[in-house]
**Q** 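I have a structure I would like to understand better, so I am pasting it below and will then ask my questions one at a time.
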Amino acid sequence: ADHDQLRIVGTTELAGTLRVELGNYEPTPGDEYPIIVRQFGDIIGSFASLEGHLAVNDVLLLPTYLPNEVRLVAAERLPCDLTLDGSIDAADMGHLFSNWNGEDPLADINDDGLVDAADASVCFAAWSGDVAAHARSHFAPVPEPTSAGLALLGLVLLPLLRFVQN
């Protein structure tokens, strides 16, 4: 697909708002769009906010900051990523509760026309799953000692305990 692209020579500092307009185009997961490409110098910082068509049919466009370019990367939207930042966190729960009993289509997860306990239930389950997945990816399980290892340890320590008691 054709898209606008800014080519930069020299160091560039990003700030402000990135506004995305897709027209009738629908991205698919895995699509990548280089939107800023530098030839010399550095790209410093990131956009402070994002606006426009960042989610289309459960596909989310997220900026990815690389040393020599900024890309919009299309990924499947997480079901309760209400802030459209690619993760399920406390900010999403805040968005859900700030729209409680309202009709916000983004926070109305089950599409029943009302943001309520049914939506919160789905989001809490997704949030706890996201937290658990994050924890699993950062903490390795500690293996339990084998029976043989415990028996060997007992054989080594038993004579020492008898020596201390005498």
**Q** Is the shortest heavy-atom distance from the side chain of Cys80 to the side chain of Asp92 under 4.5 Å?
**A**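 Contact flag for Cys80/Asp92 side chains = no.
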**Q** Enter the distance from His3:NE2 to Asp31:CG here, rounded to the nearest 0.5 Å.
**A**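 Result: 10.5 Å between the selected atoms.
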**Q** Please report the closest heavy-atom contact between Ala74 and Thr28, naming both atoms and the distance.
**A**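 Minimum heavy-atom contact is CB-O, 3.3 Å.
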**Q** Hydrophobic clusters here meaning ILVMFWY residues chained together by side-chain heavy-atom distances under 4.5 Å, can you tell me if Leu114 and Phe124 are in one?
**A**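 Looking at the clustering, Phe124 is in a separate group from Leu114.
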**Q** Taking the side chain as every heavy atom from C-beta outward, state whether Arg38 and Glu69 have any pair of such atoms under 4.5 Å apart.
**A**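 Arg38 vs Glu69: side chains apart.
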**Q** How far apart are the closest heavy atoms of Ile88 and Ala126, and which atoms are they?
**A**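 For Ile88 and Ala126, the tightest heavy-atom pair comes out as CD1-CB, 3.7 Å.
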**Q** Looking at side-chain heavy atoms only, is the closest gap between Leu72 and Leu18 below 4.5 Å?
**A**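 Sidechains of Leu18 and Leu72: in contact.
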**Q** To the nearest 0.5 Å, how far apart are CZ in Arg19 and CD in Glu51?
**A**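 Answer rounded to 0.5 Å: 5.5 Å.
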**Q** Looking at OG1 of Thr83 and CE of Met93, how far apart are the two atoms once the value is rounded to the nearest 0.5 Å?
**A**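 Result: 9.5 Å between the selected atoms.
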**Q** Hey, could you give me the CG/CG distance between Leu96 and Asp104, rounded to the nearest 0.5 Å?
**A**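 If I round to the nearest 0.5 Å, the distance is 9.0 Å.
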**Q** Is there a side-chain contact between Ile35 and Gln5 in this structure, where contact means two heavy atoms from C-beta onward sitting under 4.5 Å apart?
**A**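 Sidechains of Gln5 and Ile35: no contact.
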**Q** Measure across Trp100 and Ala120 and return the closest heavy-atom pair with its distance rounded to 0.1 Å.
**A**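 In terms of heavy atoms, the two residues are closest at CZ3-CB, 3.8 Å.
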**Q** For Asp4 and Tyr33, what are the C-alpha separation, side-chain angles and deciding distance, and is it a side chain to side chain donor-acceptor pair (under 3.5 Å)?
**A** CA-CA 9 Å; Asp4 292 335; Tyr33 310 96; over 6 Å; no
**Q** More than 12 foreign heavy atoms under 6.0 Å from CD of Glu21: is that the case here?
**A**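 Yes, CD of Glu21 has more than 12 neighbouring heavy atoms, counting only those of other groups under 6.0 Å.
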**Q** Determine whether Ile109 and Leu82 make a side-chain contact, defined as any pair of heavy atoms from C-beta on separated by less than 4.5 Å.
**A**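 The answer is yes; the side chains approach within 4.5 Å.
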**Q** Going only through I, L, V, M, F, W and Y residues with side-chain contacts under 4.5 Å, is there a path from Leu6 to Leu66?
**A**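 Looking at the clustering, Leu66 is in a separate group from Leu6.
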**Q** What is the minimum heavy-atom distance between Asp89 and Trp127, and which atoms define it?
**A**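 Looks like CA-NE1, 3.5 Å.
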**Q** Would you say Ile36 and Ile43 make side-chain contact, with heavy atoms under 4.5 Å?
**A**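 The answer is yes, as the side chains (C-beta and beyond) meet within the 4.5 Å cut-off.
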**Q** Just how far is it from atom CZ of Phe97 to atom CG of Asp119, taken to the nearest 0.5 Å?
**A**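 Result: 10.0 Å between the selected atoms.
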**Q** Do you know the tightest heavy-atom contact between Pro29 and Glu76?
**A**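 Minimum heavy-atom contact is CG-CG, 3.6 Å.
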**Q** Answer yes or no: is there a donor N or O on one side and an acceptor on the other, between the side chain of Ser121 and the main chain of Ala118, under 3.5 Å?
**A**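 Absent.
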**Q** Do Val115 and Val122 share a hydrophobic cluster, counting only Ile, Leu, Val, Met, Phe, Trp and Tyr and linking them when any side-chain heavy atoms are less than 4.5 Å apart?
**A**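 Yes, because Val115 and Val122 connect within a single hydrophobic cluster, where side-chain heavy atoms sit under 4.5 Å apart.
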**Q** Are Leu50 and Pro63 side-chain neighbours, meaning at least one heavy-atom pair lies under 4.5 Å?
**A**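 They are in side-chain contact.
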**Q** Between Asp42 and Thr11, is there a side-chain donor-acceptor contact under 3.5 Å, judged purely by atom types and distance?
**A**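 No.
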**Q** Could you walk me through whether Val37 and Asn68 pass the side chain to side chain contact (heavy atoms under 4.5 Å, CB included) test, one step at a time?
**A** CA-CA 6 Å; Val37 178; Asn68 62 343; 6.0 Å; no
**Q** Group every Ile, Leu, Val, Met, Phe, Trp and Tyr by side-chain heavy-atom contacts under 4.5 Å, then state whether Val70 and Val73 land in the same group.
**A**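 No.
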**Q** Check Tyr65 against Gly45 and note the closest heavy-atom contact, atom names and distance.
**A**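 Smallest interatomic distance, heavy atoms only, reads CD2-O, 4.0 Å.
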**Q** Is the backbone of Leu78 close enough, under 3.5 Å, to the side chain of Asp81 for a donor and an acceptor to pair up by distance?
**A**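 Looks like no, no N/O pair under 3.5 Å.
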